[in-house]
Student: 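Please read through the structure below; I'll follow up with questions.
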Amino acid sequence: MRIRIVDAFTDRPFAGNPAGVLLLDAFPDDDRLQRVALEVNHSETAFAHRLPTGGEADWALRWFTPATEVAMCGHATLATAHVLHTTGAHEGPVRFATRSGVLTATPREDGSITMDFPTAPLTAVETPAGVAEALGAEPRTVLDTGPNIGDLLVEVADEKTVRALAPDLEALAAHSERGVIATARAEDPARGYDYVSRCFFPNVGVDEDPVTGSAHTALAPFWSERLGRPDLTGLQASSRSGRVRTELRGARTLLSGHAVTVIDGELLV
């Protein structure tokens with residue numbers, strides 16, 4: 001198997017979110033896919049194979065963390081589309097058949113890729129007992145993000161609070177299916193982003209995800225409503241950092257970003 005490591009949601013290497021990408025003739029058994037993802041040991045590894053022409057999608061796509069398969073992943077989809085376009089394996093918009101339906105990724109003239117994902121359905125909930133202590137900050141607003149991503153979206157006081165978070169991950173794991181998205185309004189929008197976030201996903205083996213496309217399907221409607229604009233830019237303030245441009249279109253959210261291939265090799269076993 002040929003394997004590539006791609007940094008997604010960044011235009012420079014060693015930033016953004018790294019993902020493994022493997023283009024296959026067909027999917028091997030699930031145990032094999034999980035073992036490869038564990039060996040790669042990034043937050044997600046994407047596996048894709050070409051589908052017969054004439055169907056509703058061009059490629060089948062699955063995503064695995066080191067611990068489990070997930071229903072949706074933005075950065076590994078971006079990484080896979082980047083590999084398809086830069087290697088000539090696919091030209092123009094590509095349609096992926098996934099557990100979250102058909103997802104489309106379209107290359108742009110500036111080198112970025114725009115993905116069409118379902119908007120997360122947000123439901124306000126009471127702050128669960130223990131969340132503030134586990135997160136290490138007092139929530140202003142808490143929302144459930146629905147079944148596709150399975151997170152709690154937690155608004156905190158300000159950008160400084162988001163950046164300073166050092167949560168108790170074991171305690172945090174008890175409060176959602178995947179994890180917690182912490183967010184706040186940007187302190188200074190002149191820096192080129194409208195809001196900040198950090199994502200903690202202990203239930204899928206990812207303590208902190210560097211840049212999370214799927215989380216922005218919830219962040220986009222949340223901040224678009226508050227800021228009064230459909231087009232926004234989010235900064236995920238992890239140690240690697242990355243930016244996601246979002247455009248809210250009702251039931252769909254467009255996620256845009258760049259990607260860079262940093263490793264191209266062969267899996268020998």
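The model shown is predicted, which means the values in this text are computed figures rather than measured ones. Throughout, numbering of the chain's residues begins at 1 and tracks the sequence. Values below: every heavy atom of this structure, side chains too, minus hydrogens, waters and symmetry copies.
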Student: Show, in sequence, the C-alpha distance, side-chain angles and deciding distance for Q236 and T212, and conclude whether the side-chain hydrogen bond (donor to acceptor under 3.5 Å, both in side chains) test is met.
Tutor: CA-CA 8 Å; Q236 197 152 327; T212 314; 3.0 Å; yes
Student: Look at the side-chain heavy atoms of Ile, Leu, Val, Met, Phe, Trp and Tyr, link any pair under 4.5 Å apart, and say whether I263 and M1 land in one connected group.
Tutor: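 I263 and M1: one cluster.
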Student: Is E247 salt-bridged to R249, cutoff N-O under 4.0 Å?
Tutor: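 Counted as a salt bridge, because a side-chain N and a carboxylate O are separated by less than 4.0 Å.
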Student: Can you check side chain to side chain contact (heavy atoms under 4.5 Å, CB included) on I181 and F200, steps first, answer last?
Tutor: CA-CA 7 Å; I181 307 164; F200 306 100; over 6 Å; no
Student: Would you tell me whether T253 and T119 have side-chain atoms, one donor and one acceptor, within less than 3.5 Å of each other?
Tutor: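 Yes, side-chain donor-acceptor contact under 3.5 Å.
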Student: Say whether V83 and L24 are linked into one hydrophobic cluster, either directly or through other cluster members, by side-chain heavy-atom distances under 4.5 angstrom.
Tutor: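 The answer is no; the residues belong to distinct hydrophobic clusters.
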Student: Run the ring-centre check on F9 versus H258 and record whether the distance is less than 6.0 Å.
Tutor: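 Judged by ring-centre distance (under 6.0 Å), F9 and H258 do not meet the cut-off.
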Student: Establish whether V125 and V156 are linked, either directly or via other cluster members, by ILVMFWY side-chain heavy-atom contacts under 4.5 Å.
Tutor: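 They do share one cluster, since a chain of ILVMFWY contacts under 4.5 Å joins V125 to V156.
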Student: Got a salt bridge between E208 and R198, using NZ or NE/NH1/NH2 to carboxylate O under 4.0 Å?
Tutor: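 Salt bridge flag = yes for R198 with E208.
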Student: Any chance the side chains of R240 and T10 put a donor and an acceptor closer than 3.5 Å?
Tutor: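 On atom types as modelled, these side chains do not qualify, holding no pair under 3.5 Å.
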Student: Are F47 and V204 connected, step by step, through hydrophobic side chains (Ile, Leu, Val, Met, Phe, Trp, Tyr) whose heavy atoms are closer than 4.5 Å?
Tutor: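 No.
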Student: Does the structure place the NZ or CZ of R62 under 6.0 Å from the centre of the six-membered ring of F64, at an angle of no more than 45° from the ring's axis?
Tutor: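 No - R62 does not lie over the ring of F64 by the 6.0 Å and 45° rule.
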Student: Measure the shortest side-chain to side-chain distance between P66 and H42 over non-hydrogen atoms and say whether it is less than 4.5 angstrom.
Tutor: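 No, too far: nothing below the 4.5 Å cut-off.
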Student: Start with the C-alpha gap between T261 and H82, add the side-chain angles, then the distance that decides, and say whether side chain to side chain contact (heavy atoms under 4.5 Å, CB included) holds.
Tutor: CA-CA 8 Å; T261 301; H82 169 79; 3.0 Å; yes
Student: Of the non-hydrogen atoms in L165 and A182, which two are nearest, and what is the gap between them?
Tutor: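 Nearest heavy atoms, L165 then A182: CD1-CB, 3.5 Å.
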Student: Taking the side chain as every heavy atom from C-beta outward, state whether D231 and R245 have any atom pair closer than 4.5 Å.
Tutor: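 No - every pair of side-chain heavy atoms lies 4.5 Å or more apart.
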Student: Is there a side chain to side chain contact (heavy atoms under 4.5 Å, CB included) between L255 and T217? Walk through the geometry before answering.
Tutor: CA-CA 8 Å; L255 311 172; T217 66; 4.1 Å; yes
Student: Is there a donor in the side chain of T114 and an acceptor in the side chain of S256, or the other way round, less than 3.5 Å apart?
Tutor: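 There is such a pair (donor and acceptor under 3.5 Å, judged by atom type) between the side chains of T114 and S256.
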Student: Side chains of Y193 and E187: any donor to acceptor distance under 3.5 Å?
Tutor: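 The answer is no; no qualifying pair exists.
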Student: Tell me whether R108 contacts the main-chain N or O of D110 through its side chain, where contact means a donor paired with an acceptor under 3.5 Å.
Tutor: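 No.
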Student: Verify, without hydrogens or angle tests, whether S238 (side chain) and P210 (backbone) share a donor-acceptor contact under 3.5 angstrom.
Tutor: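 Yes; judged by distance alone, with no hydrogens or angles, the pair exists.
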Student: Minimum heavy-atom separation for V211 and H75, please, with both atom names.
Tutor: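 In terms of heavy atoms, the two residues are closest at O-CB, 3.8 Å.
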Student: Considering the options T86, V21, N17, L78, which one meets the side chain to side chain contact (heavy atoms under 4.5 Å, CB included) requirement together with V6?
Tutor: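 Single side chain to side chain contact (heavy atoms under 4.5 Å, CB included) partner of V6 among T86, V21, N17, L78: V21.
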Student: Tell me, do L103 and P118 make a side-chain contact under 4.5 Å, heavy atoms counted?
Tutor: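 The answer is yes; the side chains approach within 4.5 Å.
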Student: Work out which heavy atom in A137 is nearest to a heavy atom in T161; give both atom names and the distance.
Tutor: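 Smallest interatomic distance, heavy atoms only, reads CB-CG2, 3.7 Å.
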Student: Check whether any side-chain heavy atom of T183 sits under 4.5 Å from a side-chain heavy atom of R140, and report yes or no.
Tutor: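 SC-SC contact between T183 and R140 ruled out.
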Student: Are the charged groups of E39 and R35 less than 4.0 angstrom apart, N to O?
Tutor: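 No salt bridge links E39 with R35.
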Student: Donor-acceptor pair, distance only, cut-off 3.5 Å: does the side chain of S224 make one with the backbone of L248?
Tutor: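 Side chain of S224 to backbone of L248, a donor-acceptor pair under 3.5 Å: no, none is there.
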Student: Considering the options T246, T233, L235, which one meets the side chain to side chain contact (heavy atoms under 4.5 Å, CB included) requirement together with D194?
Tutor: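 Testing D194 for a side chain to side chain contact (heavy atoms under 4.5 Å, CB included) against T246, T233, L235 leaves exactly one candidate, T233.
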Student: Are L232 and L227 side-chain neighbours, meaning at least one heavy-atom pair lies under 4.5 Å?
Tutor: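 In short, these two side chains touch, coming nearer than 4.5 Å.
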Student: If you look at every heavy atom in R32 and L267, which pair is closest and at what distance?
Tutor: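 Looking at all heavy atoms of both residues, the shortest contact is NH2-CD2, 4.3 Å.
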Student: Judged by atom type as modelled, is there a donor-acceptor pair below 3.5 Å linking the side chain of S214 to the main-chain atoms of I149?
Tutor: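 Answer holds: no.
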Student: Hey, what do you get for OG1 (T127) to CD (E138), rounding to the nearest 0.5 Å?
Tutor: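 If I round to the nearest 0.5 Å, the distance is 7.0 Å.
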Student: If you define the side chain from C-beta out and look only at heavy atoms, does anything of H85 sit under 4.5 Å from H90?
Tutor: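 With C-beta onward as the side chain, the pair touches.
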Student: Could you go through L153 and L219, starting from their C-alpha distance and side-chain angles, then the distance that decides it, and tell me whether this counts as side chain to side chain contact (heavy atoms under 4.5 Å, CB included)?
Tutor: CA-CA 8 Å; L153 176 61; L219 290 162; 3.7 Å; yes
Student: Is there a side-chain contact between L143 and V154 in this structure, where contact means two heavy atoms from C-beta onward sitting under 4.5 Å apart?
Tutor: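 Not in contact.
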Student: Should T145 and R178 be marked as a side-chain hydrogen bond (donor to acceptor under 3.5 Å, both in side chains) after you check the CA-CA gap, both sets of side-chain angles, and the distance that decides it?
Tutor: CA-CA 10 Å; T145 60; R178 182 174 72 166; over 6 Å; no
Student: Are D209 and S43 linked by a side-chain donor-acceptor pair shorter than 3.5 Å?
Tutor: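 Yes, S43 and D209 have a side-chain donor paired with an acceptor closer than 3.5 Å.
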Student: Determine whether more than 12 heavy atoms belonging to other residues, nucleotides or ligands lie under 6.0 Å from atom CG of D25.
Tutor: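 No, not enclosed.
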Student: Distance-only, no hydrogens or angles: does the N203 side chain make a donor-acceptor pair with backbone N or O of A173 under 3.5 Å?
Tutor: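 Flag set: sc N203 to bb A173 pair under 3.5 Å.
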Student: Using the six-membered ring wherever Trp is involved, compare the ring planes of W223 and Y195 and label them parallel, tilted or perpendicular (cut-offs 30° and 60°).
Tutor: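 Rings of W223 and Y195: parallel, under 30°.
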Student: Is the side chain of D29 donor-acceptor paired with the backbone N or O of D31 at a distance under 3.5 Å, no angle test?
Tutor: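 Yes, because the side chain of D29 sits within donor-acceptor range (under 3.5 Å) of the backbone of D31.
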Student: Can you check whether T65's main-chain N or O pairs, donor with acceptor, with Q34's side chain at less than 3.5 Å?
Tutor: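 Looks like yes, one N/O pair under 3.5 Å.
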Student: Is the shortest heavy-atom distance from the side chain of D168 to the side chain of E170 under 4.5 Å?
Tutor: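 Yes; the side chains approach each other to less than 4.5 Å.
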Student: Pick one: which of T68, T45, T77 meets side-chain hydrogen bond (donor to acceptor under 3.5 Å, both in side chains) with W63?
Tutor: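 Of T68, T45, T77, side-chain hydrogen bond (donor to acceptor under 3.5 Å, both in side chains) with W63 is met by T77 alone.
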Student: If we check side chain to side chain contact (heavy atoms under 4.5 Å, CB included) with W59, which of these qualifies: L51, V94, T98?
Tutor: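 Only one option passes, and that is V94.
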Student: Applying a strict under-4.5 Å side-chain criterion to I, L, V, M, F, W and Y, I'd like to know whether L33 and L61 cluster together.
Tutor: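 Per the 4.5 Å side-chain linkage, L33 and L61 are not co-clustered.
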Student: Any carboxylate oxygen within less than 4.0 angstrom of a Lys/Arg side-chain nitrogen, looking at E69 and R99?
Tutor: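 Yes, E69 and R99 are salt-bridged.
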Student: side-chain hydrogen bond (donor to acceptor under 3.5 Å, both in side chains) with R95: which of D116, D58, T104?
Tutor: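 For R95, the side-chain hydrogen bond (donor to acceptor under 3.5 Å, both in side chains) check succeeds only for D58.
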Student: At their closest point, which heavy atom of L135 faces which heavy atom of L172, and how far apart are they?
Tutor: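 Taking every non-hydrogen atom into account, N-CD1, 4.0 Å.
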Student: For I113 versus P107, what's the shortest heavy-atom pair and its separation?
Tutor: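 For I113 and P107, the tightest heavy-atom pair comes out as CG1-CA, 4.3 Å.
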